[in-house]
Amino acid sequence: MKSEKKNREAGIPQSGILKRERPLIIAGPCSAETPEQVMQAASALALDDRVDYFRAGIWKPRTTPDSFQGIGAPGLEWLQEVKKETGLKVTTEVGSEKHVEEALKAGVDMLWIGARTVSNPFIIQEIADSLKGVDVPVLVKNPLSPDIDLWEGALIRFLRAGVNQVGAIHRGFFWWGKSNMRNQPLWHIPLELKKRLPHIPVISDPSHIAGKRNLIHLLSQRAMDHHLDGLMIEVHPDPENAWSDAAQQIKPEDFYDLMNDLFGDICLATSHELLDELRAEVDTMDDMLIWALATRMELAEKIAEVKKTAGLSTLQTGRWEQVLQRVKEMAAISGIDSSFIEKIYNTIHNQSLNLQNNRIKTNGAHSKKEHNFAL
Ligand code: PEP
Ligand code: MN
């Protein structure tokens, strides 16, 4: 494969990795809360032999300091107990060298790097260096922002440190507009990552994409339709009362149903449900388009002020030709019909000129109108 040759040339190791015959399934609560909660979740999940690893967050990198920050190192003993009692392999999130050291000492079988940590190459390098010579699989979540290079860069740091089994977790991307999902799936990004690093498995984490239980089935189905390599699902014995991510965790019974639906003979995602999910993605793209248009118009008004002060006319033909040329080229790269883009841009340009002319006519009086970006 072309990118494998390119990667070899770029010094990216091709070794080991978690390649497997069937999807990799990781399940368990968002956070380890109490020894009883951990054991209850694990015993239920151990009954399903499709589960490869039991997950539970011990150290929780929460957005706000007032949320539950994780039980910390004492929870590692509960994971040891899970291994002993159920035979399940266990995995937890690490965000520092110290976490790695403690987790490995406790016999944690696989580590994952969270979305907030992966954005910091200093920490990623430190964690990667601390894993030199250690044979433990590492999964790297995508960063909060849709920056594929940052995600790929983190994976390469682990590969170059000699970690043999590296994988990626797609958990969706932060978007500040309104949406019915907590994070946007932007499926083309994990698919592009698979093209860039074909030997690295990419699994999906529908729990963190959805942010709510009722979308998990659909998103899991989409991940499988896209041939991703597995799933990480948050499962809790009493989801409504979970100490973190309560809205998105599912009960063990619902997890069994999900597995049966996904991997049994019948595919239960109806076209109606798939349509709903695709429409939700389209709605998010519309949110982004409106935000971009509102911002563009606001910039055009600012430009009008500058043109007025400089005594320039509103229409600057040379600049408009450049803009049109640039967007048509971008359209061609993105596989969009360039005459369609030209039509849209003519409309945008006319509106922009109208706004600029009005602004100049009103003697530059600044409109008090604020754009509502649906923050
Ligand atoms: C988690 O897996 O519980 C978690 C905190 O995920 P993320 O890093 O994707 O937000
Ligand atoms: Mn969580």
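The model shown is predicted, which means the values in this text are computed figures rather than measured ones. Counting starts at 1 for both ligands and their atoms, in listed order.
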With no hydrogens and no angle check, just 3.5 Å: does a side-chain donor-acceptor pair link Asp257 and Asn260? no

For ligand 1, which atoms sit closer than 4.0 Å to a heavy atom of Arg116? 7 (P), 8 (O), 10 (O)

Would you check if the side chain of Glu85 reaches a backbone N or O of Ser43 as a donor-acceptor pair within less than 3.5 Å? no

Per-atom contacts, ligand 1 versus Cys30 - under 4.0 Å to a heavy atom: 3 (O)

If you have a sec, work out which protein heavy atom is nearest atom 8 (O) of ligand 1 and how many Å separate them, to one decimal? Ala115 N, 2.8 Å

Asn346 versus Glu342, side-chain donor and acceptor atoms under 3.5 Å: no

Side chain or backbone of Glu234 under 4.0 Å from ligand 1, or both, or neither, by non-hydrogen atoms? side chain

What I want to check is whether the side chains of Asp147 and Ser145 have a donor and an acceptor closer together than 3.5 Å. no

Looking at Gln249 and Cys30, would you say the former's side chain and the latter's main chain have a donor-acceptor pair under 3.5 Å? yes

Measure from the side-chain N and O atoms of Tyr53 to the backbone N and O of Met232, and report whether any donor-acceptor pair falls under 3.5 Å. no

May I ask you to decide if His170's main-chain N or O and Asp205's side chain share a donor-acceptor pair within less than 3.5 Å? no

Check this for me - ligand 1, Arg55, N or O atoms closer than 3.5 angstrom, yes or no? yes

Pull out every atom of ligand 1 sitting under 4.0 Å from any heavy atom of Lys141, numbered as shown with elements. 1 (C), 2 (O), 4 (C), 6 (O), 7 (P), 8 (O), 9 (O)

Keeping Thr295 on the side-chain end and Trp291 on the backbone end, is there a donor-acceptor pair under 3.5 Å? yes

So does Arg55 get a backbone contact from the side chain of Thr91, meaning a donor-acceptor N/O pair under 3.5 Å? no

Quick one: does any side-chain atom of Thr309 pair with a main-chain N or O of Glu305 as donor and acceptor, under 3.5 Å? yes

Can you tell me which residue and heavy atom of the protein come closest to atom 4 (C) of ligand 1, and the distance to 0.1 Å? His208 NE2, 3.4 Å

Ranked by distance from atom 3 (O) of ligand 1, the top protein heavy atom is Lys60 NZ, 2.8 Å

At a cut-off of 2.8 Å, list the protein N/O/S atoms near the Mn ion (ligand 2), residue plus atom name. Cys30 SG, His208 NE2, Glu234 OE2, Asp245 OD2

Considering both backbone and side-chain atoms of Met232, is one of its nitrogen or oxygen atoms within less than 3.5 Å of a nitrogen or oxygen in ligand 1? no

Any donor and acceptor pair, going by atom type alone, linking the side chain of Glu301 with main-chain N or O of Arg359 inside 3.5 Å? no

With a cut-off of 4.0 Å, which atoms of ligand 1 are near a heavy atom of Arg171? 7 (P), 9 (O), 10 (O)

Heavy-atom contacts with Gly114 under 4.0 Å: which atoms of ligand 1 show up? List them by number with element. 8 (O)

